[in-house]
Amino acid sequence: MNLRYSTLAIASALCLGLSTQAHAAGGGLLATGGVTTVEGSAGGGIVPWAVMSGYAEEGEWGGTVSLSRASVDDFNLSVTAASFSFDNRFEFSVARQSFDLSTIGGELNQNVIGAKYRLAGDLIFDRLPQISLGVQYKQNNRFGLPEAVGAQRDSDWDAYIAVSRAWLAGPFDRTWLANATVRATRANQTGLLGFGGDESDSYELVAEAAVGVFLHRSLAVGLEYRQKPDNLSFAKEDDWMTAFIAWFPTKSVSVTGAFVDLGDIAGLTSQQGYYLSLQAAF
Amino acid sequence: MNIKALFSAASVFFLLSFSASTSAQSLYQDLGELEGIDQLNERFVINLVEDRRISHHFEQTDLARLHQMLTEQFCELAGGPCVYSGDDMVTSHTGLNITRSDFNALVEALQLAMDDQGIAIGAQNRLLALLAPMHHEVVNR
Ligand code: HEM
């Protein structure tokens with residue numbers, strides 16, 4: 001039985017419940033909650049942004065549920081995630097990742113619990129850009145393979161600070177968004193291969209970035225980049241990149257697709273493929 | 001599919017676009033000059049009073065005056081030959097307890113009106129960008 005279908009059931013129940021009271025949804029502007037990352041935090045696909053999930057403004061609460069899948073040459077990643085946010089200030093998220101090693105055989109599982117706090121600023125209206133502090137606690141459910149390739153521990157914390165800003169009328173009179181994130185982490189392949197390694201077992205600061213443009217109000221395209229540590233001697237770990245398109249037909253639903261380039265993973269070279277994510281927000 | 005190439009192409013595009021000159025046509029013209037702005041604000045004011053989230057704010061409002069003042073204000077902001085004669089934003093919104101959500105609802109009402117008026121997305125964005133700095137003069141006053 002799985003979390004994925006129960007989450008879906010909850011999602012549809014919530015959507016039904018909410019649609020009967022038209023204005024129960026939070027008062028945020030379309031797309032300002034971003035989409036759901038593979039780690040469950042609001043952001044893009046692979047980078048957590050300073051935005052709060054859903055549409056909760058001051059004194060309101062909101063949240064999201066999502067299903068995502070990345071499929072590259074030799075691996076598949078499935079993520080089920082849910083988040084809760086309130087007061088345009090706090091965000092809590094959970095994500096369950098399962099990583100299929102289609103070529104090597106086997107599967108890796110990880111749970112991620114996240115919290116994010118908006119320190120200052122606003123995505124659009126304040127003089128300061130939106131600045132948020134986040135933590136993610138990650139735990140492997142199966143540590144056999146990570147341990148065998150040199151990972152030092154099966155659970156760990158990541159901490160990050162993210163800065164996000166949108167320009168309503170940027171270049172070409174389009175709305176642009178930029179995000180920069182700095183993360184302290186020891187995770188191997190975001191934690192799917194454990195934390196720390198035989199080559200390095202200390203926290204490292206990595207940079208992550210995203211830039212996007214809204215072609216119109218409900219359709220954005222953009223790029224993301226995520227730097228990663230390289231702690232394990234058995235295989236080189238590469239940075240990740242995506243080119244995404246996100247569609248927000250309404251405030252309740254969004255669909256994100258992307259081309260992803262995950263580089264070399266566990267010795268299998270040049271892992272490229274697609275990413276698809278479905279989100280319900282309330 | 002080579003994403004690295006896409007990345008460099010996109011960065012070049014991004015840098016070039018900053019140096020590209022903005023459209024020659026003034027925002028005032030893009031909004032349809034005084035007549036267009038007047039029609040826009042008629043739709044806008046109707047949307048405001050019909051929006052259940054914020055209509056309560058406008059129960060005591062002289063809507064004809066609001067329409068007139070918005071038209072003067074947008075016309076002047078857009079570079080047209082008008083002078084705004086109303087109260088400043090802080091004065092006219094103090095005591096209304098306007099929330100961030102109320103502000104967003106007003107933005108949506110304006111976006112709907114601009115859609116109905118057939119205003120292109122670029123001009124819509126330019127008008128919104130001129131109004132955005134007034135957020136702190138209007139919200140939580
Ligand atoms: C950038 C956003 C806004 C702009 C440019 C704007 C503009 C104006 C203007 C030009 C006036 C007329 C002032 C006068 O009569 O001298 C006005 C009045 C008013 N505005 Fe706004 N406004 C904004 C946001 C809001 C919001 C978010 C609300 C509430 C949802 C609101 C509610 C009102 C009300 C109720 C009045 C009438 C006040 C009275 O009767 O004295 N405004 N606004």
Side-chain angles (χ1 to χ4, degrees), chain A residues 22-30 32 55-60 62 72 87-88 122-127 166-176 178 209 211-219 221-225 239-244 251 258-263 270 272-274, chain B residues 1-11 13-23 25 27 30 51-55 97-112 114-115 119-140:
Chain A
H23 298 303
L29 286 170
L30 187 65
T32 49
Y55 292 100
E57 283 288 4
E58 263 168 27
E60 299 172 348
V72 295
D87 209 22
N88 185 32
D122 188 69
L123 182 64
I124 303 171
F125 295 117
D126 203 75
R127 251 176 317 205
W167 292 269
L168 290 175
F172 303 105
D173 292 337
R174 286 298 179 277
T175 299
W176 289 75
V211 54
V213 56
F214 284 86
L215 302 177
H216 63 83
R217 281 204 289 284
S218 59
L219 190 71
V221 295
L223 303 167
E224 282 194 299
Y225 189 91
D239 297 347
W240 283 1
M241 284 178 261
T242 74
F244 67 83
K251 281 198 207 171
F259 290 110
V260 299
D261 183 346
L262 308 185
S270 187
Q272 299 186 339
Y274 72 86
Chain B
M1 177 68 215
N2 187 338
I3 293 187
K4 284 192 181 108
L6 201 67
F7 256 89
S8 7
S11 356
F13 172 82
F14 193 68
L15 289 176
L16 282 180
S17 63
F18 274 115
S19 50
S21 60
T22 45
S23 84
Q25 177 106 331
L27 178 57
D30 287 344
D51 190 325
R52 280 159 52 203
R53 296 171 298 180
I54 50 173
S55 54
N97 296 318
I98 294 168
T99 65
R100 288 174 55 91
S101 287
D102 291 341
F103 189 94
N104 294 336
L106 173 130
V107 168
E108 289 171 7
L110 178 56
Q111 287 174 327
L112 278 182
M114 291 192 290
D115 286 349
I119 294 169
I121 190 78
Q124 293 196 13
N125 287 339
R126 280 195 284 161
L127 178 59
L128 292 174
L130 292 170
L131 301 177
M134 299 173 190
H135 190 266
H136 74 280
E137 299 178 315
V138 167
V139 170
N140 292 334

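The figures here come from the full heavy-atom set of this structure, side chains too, leaving out hydrogens, waters and symmetry mates.
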I'd like to verify something: which residue of B/Ser101, B/Ala129, B/Ala132, B/Pro133 has the highest number of heavy-atom pairs under 4.5 Å with chain A? B/Ser101
Could you go through B/Leu130 and B/Leu27, starting from their C-alpha distance and side-chain angles, then the distance that decides it, and tell me whether this counts as side chain to side chain contact (heavy atoms under 4.5 Å, CB included)? CA-CA 11 Å; B/Leu130 292 170; B/Leu27 178 57; 3.6 Å; yes
Which of A/Trp167, A/Phe125, A/Phe214 touches chain B most, by non-hydrogen pairs under 4.5 Å: A/Phe125
Any donor and acceptor pair, going by atom type alone, linking the side chain of A/Asp173 with main-chain N or O of B/Ala123 inside 3.5 Å? no
Minimum heavy-atom distance between A/Leu29 and A/Tyr55, given as atom pair plus value: O-CE2, 3.1 Å
Contacting region of B/Asp102 [heavy-atom separation from chain A under 4.5 Å]: neither
Turns out that what part of A/Arg217 lies under 4.5 Å from chain B's heavy atoms comes down to both
Under 3.5 Å, is there a donor-acceptor pair between the side chain of A/Asp87 and the main chain of A/Glu58? no
Yes or no on side chain to side chain contact (heavy atoms under 4.5 Å, CB included) for B/Asp51 and B/Glu108, after CA distance, side-chain angles and deciding distance? CA-CA 10 Å; B/Asp51 190 325; B/Glu108 289 171 7; 5.5 Å; no
Derivation and outcome, side chain to side chain contact (heavy atoms under 4.5 Å, CB included), residues B/Asn104 and A/Thr32: CA-CA 11 Å; B/Asn104 294 336; A/Thr32 49; over 6 Å; no
Given heavy-atom pairs under 4.5 angstrom as the criterion, report whether the side chain, backbone, both or neither of B/Gln124 touches chain A. side chain
With only heavy atoms counted, which part of A/Asp126 is less than 4.5 Å from chain B, the side chain, the backbone, both or neither? neither
Side chain from CB out, backbone as N, CA, C, O: work out which of these in B/Ala105 comes under 4.5 Å of a heavy atom of chain A, or both, or neither. neither
